[in-house]
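A short write-up of the structure that comes next.
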Amino acid sequence: MTTPVLPRLKLPLGVQNLREIREGGHYYVDKSGMAVDLIEAGKYYFLSRPRRFGKSLLVDTLKELFEGNRALFTGLAAESRWDWSKPHPVIRISFSSGSGPQGRLLAQRIRENLRVNRVALGLPLPAGLPEEDLAGNFADLIRQAHQSRGERAVVLVDEYDKPMLDHLTDPAVAQTQRDMLSELYGTLKDCDEHLRFVFLTGVSKFSKVSLFSGLNNLTDITLDARWSALCGYTDEDIDTVFAPELPGLDRDEIRRWYNGYNWLGTGVYNPYDVLNLFQKRVFGAYWFETGTPSFLVKLLAERKVFLPRLQALHTNAALLSSFDVDRIAPEALLFQAGYLTIHDVRQPVLGKWMYTLGYPNREVEASLNEVLLPEYGVQGDAEAQERLTTILQRGALDELETLIRALFASIPSDWYRSNPLAGFEGHYASVFYSHFAALGLDVRVEDATSHGRIDMAVLYAEQVFLFEFKVVDRQATGEALKQIKDRGYADKYRARSEPIHLVGIEFGKTERNVVGFQVETLGS
């Protein structure tokens, strides 16, 4: 008996409208059951997820549910679980268009949102309220929606934070945007009797004190395991819903490149990456290339972030939440924007949670390190990168020394004079690590063994490369290679039956280059 071949459907790339997906013959990953679960579990919610992760489609799904458009849910999980006899008036607000230069258009954007919703609900303009009273007009809209329909209103806010994120490089403007939005969102608590459900979503999780001080009944589900897969595709989704797209693609590579996002529950893939892969049939950094802010890159350089540390960054819940226009922790920004995700969580003290963050997948690690290299003084060199992979394939480590010396020699002296990273000892290891990681190689930083942690391990071309780094004043001491051997770092990899190359590298502060490069190879 042969398994029937499922037909290929349209890929919903860029489609954020449930009706278009369901009526247009597109693939659809059914999130409607989780949406019903969410609605039944509470009333006021906030969810943070990276850009292009399906947040707008989720908001649209909630809208169609509350408006009672049953035909769109035929055969879906919500069809038999939802009360279709009681449609609710839905107020949907989106700030996807931002707030214009210097944030001057935010008040206009708010007024446009309120007007569009009034027209959609057939409601008259408020009497006696000045147009400038945005919060008052919002509250009036909610009350009128309830009174006109006989059912309490639903408020859905998409990209709630974009007016602030667009101006992070100008804190004064961003703060003005934040204060205006804080007043608007604070209106929701005063309208509680008129509201059935409230859902706000965006990329960042701004401090409750700064943005939601007037809405302290908002439940943050960003790190709630039950809703980890509310946006994004799971492994099961890839293997079932998108089964017709898999032939001809390496399933393990799809997982390595695009899976790995986790918010304490089920891990997910970024939908934008997966859909682009299925359409173009080649692997690429699709999500990353849609907009990595230069602000983020500069912030990491200014804070002298030790790049290898990003593979396993330890932090706590308070730091992940301490994001505001005038207080931006790099860890919080990297996590909320989707460049890092949760790898592990533990509770060393009752009530105190510690998280280990790391790159979600190969796409993000390779792409982020590639754009960071210029901030560390190294310009992109495709030819040098190709030589590096060739050298590793052949195990020609004498050539690796020459390549690395040339890499550091290429950093202009002016860069050392004007850059805050110049006196940072981690600069050397960061450049070395990022050069490898930018190639998408299997790079493992501070890899734990029973005898200690290896600075860097690279598994490539059926070989193992173990690197230990030291920074010395002038002359090499041989301590880097000695440490690898004395601590038996190679023991962890002997079972692979592959050649193991031990590489001790010493960087000289004065020379600003490699002053010691020792290699020893253990046979397979």
Does the [X] side chain pair with the main chain of [Y], one donor and one acceptor, at a distance under 3.5 Å?
{"X": "D60", "Y": "L57", "value": "no"}
{"X": "K10", "Y": "I21", "value": "no"}
{"X": "H343", "Y": "Y359", "value": "yes"}
{"X": "T201", "Y": "L47", "value": "yes"}
{"X": "N361", "Y": "Y258", "value": "yes"}

Roughly how far, to the nearest 0.5 Å, is the [atom2] atom of [Y] from the [atom1] atom of [X]?
{"X": "T402", "Y": "D398", "atom1": "OG1", "atom2": "CG", "result": "6.5 Å"}
{"X": "Y355", "Y": "N316", "atom1": "OH", "atom2": "CG", "result": "9.0 Å"}
{"X": "L368", "Y": "L296", "atom1": "CG", "atom2": "CG", "result": "6.5 Å"}
{"X": "L230", "Y": "W263", "atom1": "CG", "atom2": "CH2", "result": "10.5 Å"}
{"X": "L407", "Y": "L388", "atom1": "CG", "atom2": "CG", "result": "9.5 Å"}
{"X": "L481", "Y": "K470", "atom1": "CG", "atom2": "NZ", "result": "11.5 Å"}

Distance alone, cut at 3.5 Å: any donor-acceptor contact between the side chains of [X] and [Y]?
{"X": "S367", "Y": "E289", "answer": "no"}
{"X": "Y269", "Y": "D235", "answer": "yes"}
{"X": "D161", "Y": "S204", "answer": "yes"}
{"X": "S94", "Y": "D158", "answer": "no"}
{"X": "E468", "Y": "Q483", "answer": "yes"}
{"X": "E245", "Y": "Q279", "answer": "no"}
{"X": "Y460", "Y": "Q393", "answer": "yes"}

**Item:** Pair F467 and F432, ring centroids less than 6.0 Å apart
**Value:**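 Here the rings of F432 and F467 have centres that are less than 6.0 Å from each other.
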So, for [X] and [Y], which heavy atoms are closest and what is the spacing to 0.1 Å?
{"X": "P7", "Y": "P244", "value": "O-CG, 3.6 Å"}
{"X": "S434", "Y": "N369", "value": "OG-OD1, 2.6 Å"}
{"X": "L403", "Y": "I391", "value": "CD2-CD1, 4.0 Å"}
{"X": "L307", "Y": "S430", "value": "N-OG, 3.2 Å"}

**Geometric class of the Y428/F408 ring pair [parallel <30°, tilted 30-60°, perpendicular >60°]** =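 Correct class here is tilted.
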One thing to verify: whether [Y] and [X] come together as a salt bridge, which I'm taking to mean a side-chain N less than 4.0 angstrom from a carboxylate O.
{"X": "R453", "Y": "D455", "answer": "no"}
{"X": "D239", "Y": "R251", "answer": "yes"}
{"X": "R362", "Y": "E365", "answer": "no"}

Minimum side-chain heavy-atom gap [X]-[Y] below 4.5 Å:
{"X": "L277", "Y": "L249", "value": "yes"}
{"X": "L181", "Y": "P163", "value": "yes"}
{"X": "V268", "Y": "N262", "value": "no"}

**Message:** I'd like to check the ring pair (Phe, Tyr, Trp, His ring centres under 6.0 Å) partners of F465; sequence neighbours left out, ordered by chain and number.
**Reply:** H501
**More than 12 heavy atoms of other groups within 6.0 Å of E253 CD** =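 For E253, atom CD is crowded (more than 12 foreign heavy atoms under 6.0 Å).
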**Item:** Residue Q347 excluded, over 12 heavy atoms near CD under 6.0 Å
**Value:**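 Yes, the 6.0 Å shell around CD holds more than 12 heavy atoms from other groups.
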**Request:** Could you pull out all residues at least two apart from E399 that satisfy salt bridge (Lys or Arg N to Asp or Glu O under 4.0 Å)?
**Result:** R394
**Request:** Mind running ring pair (Phe, Tyr, Trp, His ring centres under 6.0 Å) on F278 and Y27 for me, showing each step along the way?
**Result:** CA-CA 12 Å; F278 290 154; Y27 291 106; 7.7 Å; no
**Request:** Check the pair F507, N513 against side chain to side chain contact (heavy atoms under 4.5 Å, CB included), reporting the backbone distance first and the verdict last.
**Result:** CA-CA 6 Å; F507 299 99; N513 210 319; 5.9 Å; no
**Prompt:** Can the positive tip of R49 be found less than 6.0 Å from the middle of the six-membered ring of W227, inside 45° of the ring normal?
**Reply:** no
**Message:** For N270, run the side chain to side chain contact (heavy atoms under 4.5 Å, CB included) check against F288, Y286, Y233, F53 and tell me which one passes.
**Reply:**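 Of the listed options, the one satisfying the test is F53.
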